[in-house]
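See structure below.
Chain naming here is simple, since letters A, B, ... match the order of the sequence lines and numbering starts at 1 in each.
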Amino acid sequence: MLVRVITKKFCEPNVVMYSTMIKGLCKTHDYVRAVGLLKLMDKSGCKPIVVVYSTVIDKMVFQKGIPPGAVTYNSLIPGLCKVGRSEEASKMLKEMSDDQKMSPNVKNFSILVDALCKEGKIEEAEAIIKIMPERDILPDIVTYTSLINGYCLQGYCNESKIDEAMHILQEITEQGLEPDVVTYTTMLQGLFRGKRCEDAKELFLIMKETGCSPNDTTYNVLLHGCLKNQQYDDVKMLLVEMDERGLEPDVVTYTTMLQGLFRGKRCEDAKELFLIMKETGCSPNDTTYNVLLHGCLKNQQYDDVNMLLVEMDERGYLLWASTLSLLQSRIAAKILDESLLRLIGKLEPKYSINASCLDT
DNA sequence: GTAGGGTTAG
């Protein structure tokens, strides 16, 4: 296909190239290829994907009135969900189920369930799950994980939804479905969201007892949850476990931890963690340095300020406005020496017009 | 087809 040749030989195709090719395919009613190209475009991270998706979908279904085949259905249902048209996806899935020649599978249904849950339409998602067995399709662990996630997302404003998520987890386990690492991680995140740290720790133990191995996402969720809920003493424990399992926190996880420790006024722990981070070969980035500087300044820890500024300068990192103003106020108050101003001047953010905005 | 993340004044 042309797009593969272009990608291989020259460069990533841009949105104009994709759209032109997709339009051409639609003209010849080759919707299967058009949808295939849409998927490729989506994967490549081309931005206005939602608009193109909607255009193709409308051309196919609503203008031409072409009865979609199984392949088209399977591409269209996730497409409709992606652009927030889950009601149409729902209707399409019903049509598909009613058609004797086509048999939607658990994947088709799960995509819809997931989309509904993310839109907050839990009841509709549950209705879908209920009709699945009538069509001889059993919801699997992925289907239920999406449902649990749906409840957990609502737990932001309604903590009782977390209980409902736990209840579902218990129910499906009793039915003989085995929760996997994604299910547990989803539930753990929900429990932390509802500030239920003890329940989260207990579930984490159960998870490991049942032989489900936590992965790096699980640990990131745990670390984040513990720090947000001021459970500082668990951090070291979790880091040791990660190490034992050969998992390593990345720069975002370290920076999150540093920020959490500073917020809890655990400056010594934060400094120690920064050393560990460097020793393990995880390179701090500009956010890490700003978080560190910000944390030190707010906690009246001035010994390392000069060193951090020098390191930022060596790496070509800039100061955030908030960090800069903290520095300036400390200098004005004669807490920090004026001689720092020369260095700070080099690290001040410079504002410029982003040329790429003018490209299109 | 399912889970995660860092900046925002005193």
Side-chain angles (χ1 to χ4, degrees), chain A residues 39 74-75 77-79 81-82 89 93 104-118 125 128-129 132 137 139-153 165 168-169 172 177-193 203 207 212 214-228 238 242 247 249-263 270 273-274 277 282 284-295 297-298 300 317-330 332-333 335 349:
Chain A
K39 277 190 181 165
N74 287 336
S75 308
I77 290 167
C81 289
K82 202 178 181 66
L93 198 57
N105 56 24
V106 60
K107 237 190 210 181
N108 301 126
F109 279 100
S110 291
I111 292 168
L112 181 60
V113 167
D114 187 57
L116 289 169
C117 286
K118 289 196 173 122
I128 299 282
I129 290 178
M132 287 170 73
I137 298 159
D140 61 12
I141 192 62
V142 177
T143 324
Y144 283 113
T145 301
S146 290
L147 184 64
I148 288 171
N149 189 39
Y151 275 109
C152 287
L153 288 172
I168 293 166
L169 179 62
I172 59 167
L177 274 179
E178 210 171 304
D180 62 13
V181 60
V182 181
T183 320
Y184 279 117
T185 307
T186 305
M187 195 59 246
L188 284 169
Q189 186 178 220
L191 287 169
F192 278 118
R193 203 168 275 162
L203 185 66
M207 172 186 183
C212 180
N215 61 17
D216 53 348
T217 302
T218 319
Y219 281 103
N220 283 333
V221 165
L222 283 165
L223 284 167
H224 202 84
C226 284
L227 285 163
K228 268 237 160 87
L238 288 168
M242 277 186 94
L247 300 170
D250 62 15
V251 62
V252 177
T253 307
Y254 272 118
T255 308
T256 312
M257 287 192 281
L258 288 170
Q259 187 187 221
L261 289 170
F262 275 121
R263 281 190 179 149
L273 188 66
F274 185 54
M277 174 183 183
C282 179
N285 62 18
D286 63 322
T287 307
T288 321
Y289 276 101
N290 274 287
V291 165
L292 268 167
L293 262 178
H294 198 270
L297 293 167
K298 292 279 278 188
Q300 294 85 43
Y317 295 155
L318 297 179
L319 288 165
W320 287 334
S322 59
T323 322
L324 177 65
S325 71
L326 271 177
L327 279 166
Q328 287 167 336
S329 79
R330 297 299 187 270
I335 295 167

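In this structure, Asp140(A) reaches the bases: a heavy-atom distance under 4.0 Å links it to at least one base atom across the strands shown. In this structure, Thr185(A) reaches the bases: a heavy-atom distance under 4.0 Å links it to at least one base atom across the strands shown. Thr143(A) comes within 4.0 angstrom of a base, heavy atoms only. If you check every strand for non-hydrogen atoms under 4.0 Å, Thr323(A) touches nothing. Among the heavy atoms of the strands lying under 4.0 Å from Leu326(A) are primed sugar atoms or P, OP1, OP2 only; no base atom is included. Heavy atoms of Asp114(A) sit under 4.0 angstrom from primed sugar atoms or phosphate atoms, though from no base atom. Using a 4.0 Å heavy-atom distance criterion, Thr287(A) is classed as a base contact. Contacts of Val113(A) with the nucleic acid, taken as non-hydrogen atoms under 4.0 Å apart, are absent.
Counting to the nearest Å, the C1' atom of dA9(B) and the CG atom of Leu293(A) are 16 Å from each other. Taking atom CG on Asn285(A) and atom P on dG5(B), their separation rounds to 17 Å, with Å as the unit. Whole-Å rounding puts the Asp286(A) CG to dG6(B) P distance at 14 Å. One atom, CD1 of Ile335(A), and another, C1' of dG10(B), lie 12 Å apart when rounded to the nearest Å. Computed from coordinates, the Tyr289(A) OH to dT7(B) C1' distance equals 17 Å when rounded to whole Å. To the nearest angstrom, P of dA9(B) lies 14 Å from CG of Leu297(A). Leu153(A) places its CG atom 14 Å from the P atom of dT2(B), with the value rounded to the nearest Å. dT2(B) atom P lies 19 Å from atom CG of Leu169(A), rounded to whole Å.
Ranking dG6(B), dG1(B), dA3(B) by closeness to the Lys107(A) side chain, first place goes to dG1(B). In the set dG1(B), dA3(B), dG6(B), dA3(B) carries the atom at the smallest distance from any side-chain atom of Val182(A). Comparing dA3(B), dT2(B), dT7(B) against the side chain of Thr145(A) picks out dT2(B) as the nearest. Counting only heavy atoms from C-beta on, Thr253(A) has its side chain closest to dG5(B) among dA3(B), dG5(B), dG10(B). Closest contact between the side chain of Trp320(A) and the listed nucleotides dG6(B), dA3(B), dT7(B) involves dT7(B). The side chain of Ser322(A) lies closest to dA9(B) when the candidates are dG6(B), dA9(B), dG1(B).
Note on His294(A): every side-chain N or O is 4.0 Å or more away from OP1 and OP2 of dA9(B). In terms of phosphate contacts, Arg263(A) brings a side-chain nitrogen or oxygen within less than 4.0 Å of OP1 or OP2 of dT8(B). Side-chain N/O atoms of Lys298(A) include none lying less than 4.0 angstrom from OP1 or OP2 on dT7(B).
For Lys298(A), the salt bridge (charged side-chain N to carboxylate O under 4.0 Å, His left out) criterion is met by no residue, not counting sequence neighbours. Applying the side chain to side chain donor-acceptor pair (under 3.5 Å) rule to Tyr317(A) yields no partners; only residues at least two apart in sequence or on another chain are considered.
Contact annotation: the side chain of Thr183(A) approaches that of Asp180(A) to within less than 4.5 Å [non-hydrogen atoms, C-beta and beyond].
Scanning atom types as modelled, one donor and one acceptor separated by under 3.5 angstrom connect the side chain of Ser110(A) and the base of dG1(B).
Shown here is Glu178(A), whose CD atom has no more than 12 heavy atoms of other residues, nucleotides or ligands within 6.0 Å.
To the nearest 0.5 Å, atoms OG1 (Thr323(A)) and CG (Leu318(A)) are separated by 11.0 Å. Within the model, atoms OG1 of Thr185(A) and CD1 of Ile148(A) stand 11.5 Å from one another, a figure rounded to the nearest 0.5 Å.
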